[in-house]
Amino acid sequence: MPEGHSIHRLAHTFAAIGDDLRPRASSPQGRFAASAAVIDGQHLRRTWAWGKHLFLDYALAGDHIVHVHLGLYGSWRFVGTDAFVAPSHVGAPRLAYEHLGEKVERVAGAWQPPEPRPTVRLRLEFPHGIADLSGPARCELIDDGEVDAILNRLGPDPLRADCDGEDFVRAARSSRRPIGQLVMDQSVVAGPGNIYRAECLFRTGISPWRPGERVSVDRLRALYADLCTTMSAGVREGRIVTIEPADILDPLPDPEAGRFYVYHRDQRACVRCGHRIVAEDMAGRRLFRCPGCQH
DNA sequence: GTTTGATGTCGAC
DNA sequence: TCGACCTCAAACG
């Protein structure tokens, strides 16, 4: 579930918890137990994101950075008192701890953390709440050199001000692979996933099957700019909404309307041109597009 | 009760 | 190109 906007939102959430953090760390599931013992109670100096990668920098002698990649179904769950950040669940659409009820989670005063699910890889316990990580594809303690190795494999992140969209334009222009594959390639541009791919290619009118070398520089710049716009909105709102208000049909013809132009909208009529949205396979992932609007 | 799928990535053929 | 993997709610019987 998580595309880059979710990971940046997580970094903001950790920043909102405080700036002198020394969370207790544990691994109820056990697979991160040895590393959790190393960072337990240590100063969590900063949390930041690049694409879909989350980094928790610890102020420890030597290099200690927790690197987390949620993969397809990892998630972070935040639960605590009113003094903690709002309860949230970032990642795979699940309702962990739902049975506890929000009132129990939010009571002020004495704080009893909920029993972790047995699959929680890493629990960070703060004075007023907990952050539980479940199901990540990667959760590892690494050093600065390994961080550099990861960043070297990643293209520019549209959500980072220190990234340059021209790097994306250059990489795309020099490839014969379809632009739909390039937008999903994290070494070309870091952060977009299947939804932003489908939606931004629709919004810029580009066919996902067009080879990168045959997409004009202007259209590639427009595409990168649109990734910036829509993903920034995703960070703010906590969910992906890419459809413009003017394109939301009123009255709504179906409950799925009002969020996406093409993602998961195969067989339905395009709100712009009326063509039937198609779903097809591209390199093993479902691809959605409008044959009438994208060329 | 069992199967399926999901906003992802890697490595072996 | 294919399967494996990290997890669990929804869909299917």
Side-chain angles (χ1 to χ4, degrees), chain A residues 1-10 27-33 35 49-54 66-77 88-100 116-123 132-140 142 146 149-155 157-159 177-178 180-203 208 227 230-235 237-243 255-256 259-266 279-289:
Chain A
M1 148 162 239
E3 300 194 20
H5 71 296
S6 299
I7 313 308
H8 282 265
R9 196 175 167 82
L10 283 166
S27 180
Q29 177 210 43
R31 289 178 54 171
F32 195 63
S35 296
W50 189 303
K52 296 168 188 163
H53 299 256
L54 185 71
V66 177
H67 168 230
V68 176
H69 194 297
L70 293 180
L72 189 51
Y73 40 77
S75 70
W76 281 95
R77 176 83 175 174
S88 64
H89 192 210
V90 179
R94 280 177 240 127
L95 298 173
Y97 308 133
E98 189 73 6
H99 58 286
L100 294 174
R117 285 196 173 200
T119 53
V120 169
R121 182 80 55 88
L122 169 62
R123 165 169 284 194
D132 277 355
L133 169 66
S134 300
R138 303 297 293 258
C139 175
E140 57 189 353
I142 63 177
E146 292 168 297
I150 291 165
L151 297 186
N152 285 339
R153 292 191 276 108
L154 296 177
D157 178 347
L159 290 172
R177 294 161 63 212
Q181 276 184 47
L182 295 171
V183 177
M184 292 279 285
D185 183 337
Q186 302 296 299
S187 70
V188 173
V189 55
N194 207 14
I195 296 181
Y196 282 116
R197 157 175 80 172
E199 293 295 300
C200 292
L201 286 171
F202 173 88
R203 286 163 55 97
L227 289 166
T230 54
M231 293 180 71
S232 297
V235 175
E237 298 176 32
R239 65 186 208 131
I240 306 177
V241 179
T242 51
I243 195 165
E256 291 285 299
R259 245 190 117 186
F260 305 132
Y261 286 108
V262 292
Y263 183 76
H264 275 186
R265 292 191 55 76
D266 47 311
E280 48 207 347
D281 185 279
M282 178 182 267
R285 301 298 299 278
R286 286 254 283 173
L287 170 72
F288 302 89
R289 69 184 170 93

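Heavy atoms only: backbone and side chains are in, while hydrogens, waters and symmetry mates are out. Below, chains carry the letters A, B, ... as their sequence lines are ordered, and counting in each starts from 1.
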Just checking A:E199: base, sugar-phosphate only, or nothing, at a heavy-atom cut-off of under 4.0 Å?
-> nothing
Whole angstrom is fine here: how far is it from CG in A:L72 over to C1' in C:dA9?
-> 14 Å
If you check the A:Q29 side chain, which of B:dA6, C:dT7, B:dT9 turns out closest?
-> C:dT7
Can you check whether A:R289 reaches A:V262 side chain to side chain, under 4.5 Å on heavy atoms?
-> no
Between A:L70 (CG) and B:dT7 (C1'), how many Å, whole number?
-> 11 Å
Answer with base, sugar-phosphate or nothing: what part of the nucleic acid does A:R121 contact at a heavy-atom distance below 4.0 Å?
-> sugar-phosphate
Expressed as a whole number of Å, how far does the P atom of B:dG5 sit from that of C:dG3?
-> 14 Å
Using a cut-off of less than 4.0 Å, is there contact between a side-chain N or O of A:R138 and OP1 or OP2 of B:dT9?
-> no
N/O (side chain, A:R117) to phosphate O (OP1/OP2, C:dC8) under 4.0 Å = yes
Check every strand shown and say whether A:R286 touches a base, only sugar-phosphate, or nothing at a heavy-atom separation below 4.0 Å.
-> nothing
Would you mind telling me which of A:I7, A:D132, A:L54 makes a side-chain contact (heavy atoms from CB on, under 4.5 Å) with A:W76?
-> A:L54
What integer number of Å spans the C1' atoms of C:dT1 and B:dT7?
-> 23 Å
Output yes when at least one side-chain N/O atom of A:S75 is less than 4.0 Å from OP1 or OP2 of C:dT7, else no.
-> no
Using a cut-off of strictly less than 4.0 Å, decide whether A:H69 has a side-chain nitrogen or oxygen near OP1 or OP2 of B:dT9.
-> yes
Check A:D157 against A:A49 and note the closest heavy-atom contact, atom names and distance.
-> OD2-O, 4.4 Å
d(CG, A:D266; P, B:dG5) in whole Å | 13 Å
Is there side-chain contact between A:V183 and A:C200, with at least one heavy-atom pair below 4.5 Å?
-> no
Interatomic distance, A:M282 CE vs B:dT9 C1' [rounded to whole Å] | 18 Å
Just to confirm, is there a sub-4.0 Å distance from OP1 or OP2 of B:dT9 to any side-chain nitrogen or oxygen of A:K52?
-> yes
Nearest-angstrom distance from the residue atom NE2 of A:H89 to P of C:dT7 | 13 Å
So, do A:R239 and A:R259 sit near enough that their side-chain heavy atoms are less than 4.5 Å apart?
-> yes
Could you tell me the separation between the CG atom of A:N194 and the P atom of B:dG5, rounded to a whole number of Å?
-> 15 Å
OP1, OP2 of B:dT7 versus side-chain N and O of A:R239: anything below 4.0 Å?
-> no
A:R121 side chain near A:V68 side chain, heavy-atom distance below 4.5 Å | no
B:dT7 P sits how many Å from A:Q186 CD, rounded?
-> 14 Å
Rounded to the nearest angstrom, tell me the gap between atom CE in A:M184 and atom C1' in B:dC10.
-> 14 Å
Within the structure, does a side-chain N or O atom of A:Y196 lie under 4.0 Å from either OP1 or OP2 of B:dT7?
-> no
Output yes when at least one side-chain N/O atom of A:R77 is less than 4.0 Å from OP1 or OP2 of C:dT7, else no.
-> no
Integer angstrom distance from the C1' of C:dA9 to that of B:dT9 | 23 Å
Considering only heavy side-chain atoms of A:T119, the closest of B:dT7, B:dG8, C:dT7 is C:dT7
